[in-house]
Amino acid sequence: MTGVGRNAAKIRRMSSRLTLVWIALYFLLLLLTLRWSSKIIRGPWLFLLRAFFPNWKFFHAVGYVPHLYVRHLGPDASWADWHWVYPRKTRRLWQLVHNTDVNLALAEQNLLDHFANDLNDLPEGEDARQLVTYQLVDRLVRFDLDRRLGSGAWQSYQFEVRMERSNAQGIEATETMLRSPECTA
Amino acid sequence: MSFEQGLQWMTWLLCWSLGLQCVEYLRTQHMTSARGIWAWSVQQADIPVSNPGMRSLLDKLYSPAWHATHLWLRLCVVVSMGVSGVNLGAVMFLFVSTLLILVRWRGAFNGGSDFMSLVVLTGLLIEEVLRVLLEPELAAKAGLWYVTIHAISSYFVSGWVKLMRPEWRSGRALTIFLNGGVYGPLPQHSLLRHPRLAMLGSWAFILWEGFSPLALLHPLLALPFCAIAALFHGLVFWYFGLNRFFWAWMASFPAILACSGTLGSPF
């Protein structure tokens, strides 16, 4: 190898090592940012385009999560018990390639999470019914009643958003965040 | 794995992943119809656009007929890219199409899998744009490194945030989350209800995720890392039904394999 070739190889090696150092510094910085609680920047477009800013924090904390409960007025004019709208499905291996029902059920739960966040952010005295998420959850409730009972099997309904905390045995604490007015079919 | 091979495999896996997602979107159209939960008539109030022309364009794009046409067109582009290879026009179409779908689902249909699909698509977009300006290998390198950094960051962040939580360090969180899974709750006598086993499982995944950047040092580290990642996403599907996560992250593995060991390995 000539002197020029040796130098070029040396520069390439040094440049690679330097990139490695930069990458190590990036991960170190990433680690430090996890320790700081920075101000959250919010905005409607940022919310809609949040896929560009993924935070990669999945299932990271156990705590209160919103659950949706629904009750309906049956044909005999009596209120049924509160029903927890929560997806429980049967597992099939082929769902690894096609799992529409489960993904829709998960999207319903995400909607509920966003609704709970919107309720938290709602200024004191404001009507929650003006929220887009309220209206979407209301449609979810109607959809759930039709799905479970069949359309026409219910006259009125009411729903609650409860913040619930679980332990290994089940739900250990619950607080009602919102109770809707009685609505008709 | 060379950068060219990495790019080829990433394209195939992304096309497979986007294709599966697209078929699922086609089957969810009743939910975005006028009678569905996510009716555009309600959801349009969420869009912060005041320009009437832009509003009517979005109304048109998200009308059931146009939305269906968009999804079929997207599926055709995905299939054609999988068969004939990546090109700038197809990637740009898929990028814009993904944004439209994300907005239609209020930012995400399936959370992390949408984010990772966008990361891989952006990696391909970077590669295709740079290919016009630079030599192909350098363009491929840039696109694959973009995907690799995001993919490794996803495991790294996920591992360290868990390590900072006492409920994860004790294994308690694992049992609680598995109980809440769509295929849950865990059977009464499941081994994962056993505190010591839950703690062992938690720590195994926390350490594997937290030390994920080491996979960049050598292909011999990247290969088992990706194999464990596939197992991990398989388990996430098995317990939580997140099939899209499995394929979205699989699409990033060729990038990790191609980039590992290219930075002057210390071994």
Side-chain angles (χ1 to χ4, degrees), chain A residues 13-17 19-20 23-24 26-27 30-31 34-35 43-45 47-52 54-62 65 86-91 95-100 102-108 110-111 114 132-133 135-137 139-140 142-143 166-170, chain B residues 20 23-24 27-28 31 36-39 42-43 45-48 99 102-103 105-112 114-116 118-119 149-150 153-154 156-158 160-162 164-165 167-168 172-173 175-177 179-180 182-185 193 213 216 237-238 241-244 246 262-264:
Chain A
R13 227 175 14 251
M14 275 177 64
S15 152
S16 289
R17 293 274 160 95
T19 313
L20 194 61
I23 289 176
Y26 160 77
F27 282 109
L30 201 57
L31 189 59
L34 296 179
R35 304 240 5 129
W45 276 116
F47 175 74
L48 291 173
L49 300 177
R50 63 186 183 282
F52 284 100
N55 70 13
W56 307 124
K57 292 178 186 173
F58 305 124
F59 303 108
H60 70 290
V62 172
V65 288
Y86 195 72
R88 291 293 193 199
K89 306 277 182 186
T90 308
R91 182 192 294 123
Q95 289 168 338
L96 183 61
V97 289
H98 188 79
N99 212 3
T100 308
V102 166
N103 284 318
L104 269 174
L106 296 170
E108 290 173 8
N110 284 342
L111 171 61
H114 296 155
V132 169
T133 42
Q135 292 161 41
L136 295 176
V137 168
R139 294 173 83 92
L140 165 61
R142 287 163 175 265
F143 186 83
S166 302
N167 60 21
Q169 280 70 48
Chain B
L20 296 180
V23 172
E24 289 185 345
R27 285 206 54 219
T28 60
M31 286 295 188
I37 296 172
W38 286 271
V42 177
Q43 208 190 303
D46 250 354
I47 311 295
L99 291 187
L102 289 176
V103 170
W105 286 98
R106 306 189 72 250
F109 174 67
N110 197 235
D114 293 335
F115 305 163
M116 186 46 79
L118 187 63
V119 162
I149 291 293
H150 270 288
S153 299
S154 72
F156 181 78
V157 170
S158 191
W160 282 92
V161 290
K162 287 187 185 85
M164 289 170 189
R165 306 291 307 192
E167 64 266 35
W168 270 105
R172 201 168 57 88
T175 315
I176 291 172
F177 282 121
N179 268 337
V182 73
Y183 300 133
R193 283 191 181 276
L216 297 176
F237 158 71
W238 192 250
L242 299 172
N243 65 320
R244 288 175 167 228
F246 182 85
T262 60
L263 290 176

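Below, each value reflects all heavy atoms present in this structure, side chains not excepted, and no hydrogens, waters or symmetry copies. The chains referred to below are lettered A, B, ... by the order of the sequence lines, with proteins before strands, and numbering in each begins at 1.
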Based on non-hydrogen pairs under 4.5 Å, which of Val137(A), Leu31(A), Asn167(A) is most in contact with chain B?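 Greatest number of close heavy-atom pairs with chain B: Leu31(A).
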
Top residue by heavy-atom pair count (under 4.5 Å) with chain B, among Leu96(A), Leu49(A), Leu48(A), Val62(A)? Leu96(A)

Side-chain heavy atoms of [X] within contact of [Y], under 4.5 Å:
| X | Y | value |
| --- | --- | --- |
| Lys57(A) | Trp160(B) | no |
| Phe109(B) | Leu104(A) | yes |
| Phe237(B) | Val102(A) | no |
| Trp38(B) | Leu111(A) | yes |
| Asn110(A) | Arg106(B) | no |
| Asn243(B) | Gln95(A) | no |
| Leu30(A) | Ser153(B) | yes |
| Leu34(A) | Val157(B) | yes |

Measure Leu106(A) against the heavy atoms of chain B and call it side chain, backbone, both or neither at under 4.5 Å.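 Only the side chain of Leu106(A) comes within 4.5 Å of chain B.
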
Based on non-hydrogen pairs under 4.5 Å, which of Ala108(B), Pro185(B), Ala45(B), Gly36(B) is most in contact with chain A?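 Of Ala108(B), Pro185(B), Ala45(B), Gly36(B), Pro185(B) has the most heavy-atom pairs under 4.5 Å with chain A.
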
Do you know which of Leu102(B), Asn110(B), Thr175(B) has the most heavy-atom pairs under 4.5 Å to chain A?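 Highest number of pairs under 4.5 Å: Asn110(B).
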
Measure distances from Tyr183(B) to the heavy atoms of chain A and classify the residue's part below 4.5 Å as side chain, backbone, both or neither. both

Given heavy-atom pairs under 4.5 angstrom as the criterion, report whether the side chain, backbone, both or neither of Arg27(B) touches chain A. both

Any donor-acceptor N/O pair, Gln135(A) side chain to Val42(B) backbone, under 3.5 Å: no

Backbone of Trp238(B) reached by a side-chain donor or acceptor of Arg91(A) within 3.5 Å: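 Here the side-chain-to-backbone pair exists.
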
Distance (rounded to the nearest 0.5 Å) between [X] [atom1] and [Y] [atom2]:
| X | Y | atom1 | atom2 | value |
| --- | --- | --- | --- | --- |
| Phe58(A) | Leu242(B) | CZ | CG | 9.5 Å |
| Arg139(A) | Gln43(B) | CZ | CD | 10.5 Å |
| Arg50(A) | Leu118(B) | CZ | CG | 12.5 Å |
| Phe115(B) | Trp56(A) | CZ | CH2 | 7.5 Å |
| Thr133(A) | Asp46(B) | OG1 | CG | 7.5 Å |
| Asn55(A) | Ser158(B) | CG | OG | 10.0 Å |

Set out, in order, the CA-CA distance, both residues' side-chain angles and the distance that settles side-chain contact (heavy atoms from CB on, under 4.5 Å) for Val119(B) and Phe52(A), then state yes or no. CA-CA 8 Å; Val119(B) 162; Phe52(A) 284 100; over 6 Å; no

Could you pull out the closest heavy-atom pair between Pro48(B) and Trp45(A), with the gap in Å? CG-NE1, 3.3 Å

For Glu24(B), run the side-chain hydrogen bond (donor to acceptor under 3.5 Å, both in side chains) check against Asn99(A), Asn103(A), Thr100(A) and tell me which one passes.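 So, applying the side-chain hydrogen bond (donor to acceptor under 3.5 Å, both in side chains) to Glu24(B) and each of Asn99(A), Asn103(A), Thr100(A), only Asn103(A) qualifies.
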
